[in-house]
Amino acid sequence: MDTKTGPVPACGPFVALVGATATGKTALSIEIARALNCEIVSADSVQVYKGLDIGSAKPTVAERQGVPHHMLDCADPRESFTAARYQDGARRCIAGILGRGRLPLVVGGTGLYVHALTYDVDFSRVVGDEGRRQRLRALAEEHGPDILYARLEEIAPERARAVHPHNVKRVIRALEIAEAGGAAADGYDFRKPLPGVDILMLGLKMDRAALYRRIDARVDAMIKAGLVQEVQGLLDSGVDSGLPSMQGLGYKEIANAILGRCTLEQAIADIKRGTRRYAKRQETWFKRDPRIEWFEVSPDGSLNGTLSSIIDCVSEWKACTMNRRG
RNA sequence: GCCUCGGUAGCUCAGUUGGUAGAGCAAGGGACUGAAAAUCCCUGUGUCGGUGGUUCGAUUCCACUCUGAGGCA
């Protein structure tokens, strides 16, 4: 579905708001959108799935307050979404928003998705082949992961050095690219700037201890809001617990409890721990991106001060960008 | 009041026949090309309850002391 008309070219300008989970991106983004006439493009690998609402902290229609949101509910949880599909869909959304004369505001914590929009990444060079992946995975399960890595070392030694032998998913993808031939693997630059696209990147950060308290409280709130029923409903409607959509935080753990693999209490503790670790990984991902301008959110999560300084920042950038273009 | 067993990393505990200590979990750091809320890699953070004593050297032995649990009165 994403290659029929060729890759969608990137365009801009747009603003991206990133940061770890539970820092308040969603609430803040809606305020910014209202103040600056934006439409929001979500960059979240779980919110793309229909029916994964509570656990993904997807903004409700009421919370969206009339601000158009894109890249939510665009996949069935029975199918597997990909970064390439995200890039394609989100680029179309950005083009559409600009066409309407409004400012696109990309909001989300999925680093790879943000990356796919803000750098010149071309996933289309080597299309993933599910059948071959399954064969390779089976090989790794039978003979151990080293057998795949040995093959990668043989045909693409420079790529092999960049991937850990035990990281089977990465080794398989690297093999896929390497086996597709030289052209696909050559000139690979994961951080190539997008020529001619102005992007303003804003990051939210919060004191670690405060963030962890917020995460714990949010998980409890999700349970109260009916996360267990949501997961039960997904399972009842034929969504297998092994699917990619069900590997999201909150979904795999609650499914485990429902399937009798652990107690609900244990599942809740696992979600909290998993989400804390996830937040840490997100910080690691975004920390190294020098383009991001960081804003500190107060430990109580109140956004007032942050909102006005961000709006100032965006307005200034807008004026600057228009000058340069006009 | 007496007896017994404990007090070592954030938690649960191991250990040193005397040479200042290590597991699990939690945590911290990092990587990142079509699964990315996924996947993977690295790391022990410590007044060994306190004060004295013996000793070249004490977390380890001794005394006292504080503290927790249990038992006997």
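What you see is a predicted model; the values in this text were computed from it and never measured. Labels below follow one simple rule: chain letters A, B, ... track the order of the sequence lines, proteins then strands, and each chain is numbered from 1. Values below: all heavy atoms of this structure, side chains included; hydrogens, waters and symmetry mates excluded.
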**Q.** A:Thr23 (side chain) donor-acceptor with A:Gly19 (main chain) under 3.5 angstrom
**A.** no
Within residues 45-56 of chain A, the residues having a heavy atom closer than 4.0 Å to RNA chain B are A:Ser45, A:Val46, A:Gly55, A:Ser56
Base-paired stretches in RNA chain B with three or more consecutive Watson-Crick or G-U pairs, both distances under 3.5 Å, amount to B:1-7 with B:66-72, B:10-13 with B:22-25, B:27-31 with B:39-43, B:49-53 with B:61-65
Return yes if some donor-acceptor pair links the side-chain N/O of A:Glu253 with the main-chain N/O of A:Leu249 below 3.5 Å, else return no. no
With the side chain defined as heavy atoms from C-beta on, A:Lys280 is closest, among B:G28, B:A27, B:A35, to B:G28
- prompt: Between A:Arg291 and A:Tyr119, is NZ or CZ placed under 6.0 angstrom from the six-membered ring centre and within 45° of the ring axis?
  reply: yes
Sorted by chain and residue number, the side chain to side chain contact (heavy atoms under 4.5 Å, CB included) partners of A:Thr263 (sequence neighbours excluded) come out as A:Glu265, A:Gln266
Residue pairs passing the salt bridge (Lys or Arg N to Asp or Glu O under 4.0 Å) test with at least one member in residues 37-57 of chain A, sequence neighbours excluded, are A:Glu39-A:Arg100, A:Glu39-A:Arg102, A:Asp53-A:Lys58
Rounded distance in Å between the C1' positions of B:G22 and B:U67
25 Å
Of the listed B:A26, B:A35, B:A37, the closest approach to the A:Thr82 side chain comes from B:A35
Of the candidates B:A35, B:C40, B:A26, the side chain of A:Arg277 sits closest to B:A26
Does a side-chain N or O of A:Arg133 approach OP1 or OP2 of B:A35 to a distance below 4.0 Å, or not?
yes
List every contact pair, protein side and nucleotides 42-46 of chain B side both N or O, where the distance is under 3.5 Å.
none

Think A:Arg170 has a side-chain N or O under 4.0 angstrom from the OP1 or OP2 of B:A31?
no
What orientation do A:His115 and A:Phe190 show, parallel under 30°, tilted 30 to 60°, or perpendicular over 60°?
parallel
Indicate whether OP1 or OP2 belonging to B:A37 is found under 4.0 Å from a side-chain N or O atom of A:Thr110.
yes
Within residues 239-248 of chain A, the residues having a heavy atom closer than 4.0 Å to RNA chain B are A:Gln247, A:Gly248
Among B:U33, B:A27, B:G30, the one nearest any side-chain atom of A:Phe123 is B:U33
Using the C1' atom as the point on both nucleotides, what is the distance between B:G6 and B:C48, in whole Å?
14 Å
The nucleotide from B:C40, B:A35, B:A37 with an atom nearest the side chain of A:Leu249 is B:A37
The nucleotide from B:A31, B:U33, B:U39 with an atom nearest the side chain of A:Thr284 is B:A31
Just by distance, no angles: are the side chains of A:Tyr251 and A:Glu230 close enough, under 3.5 Å, to form a donor-acceptor pair?
yes
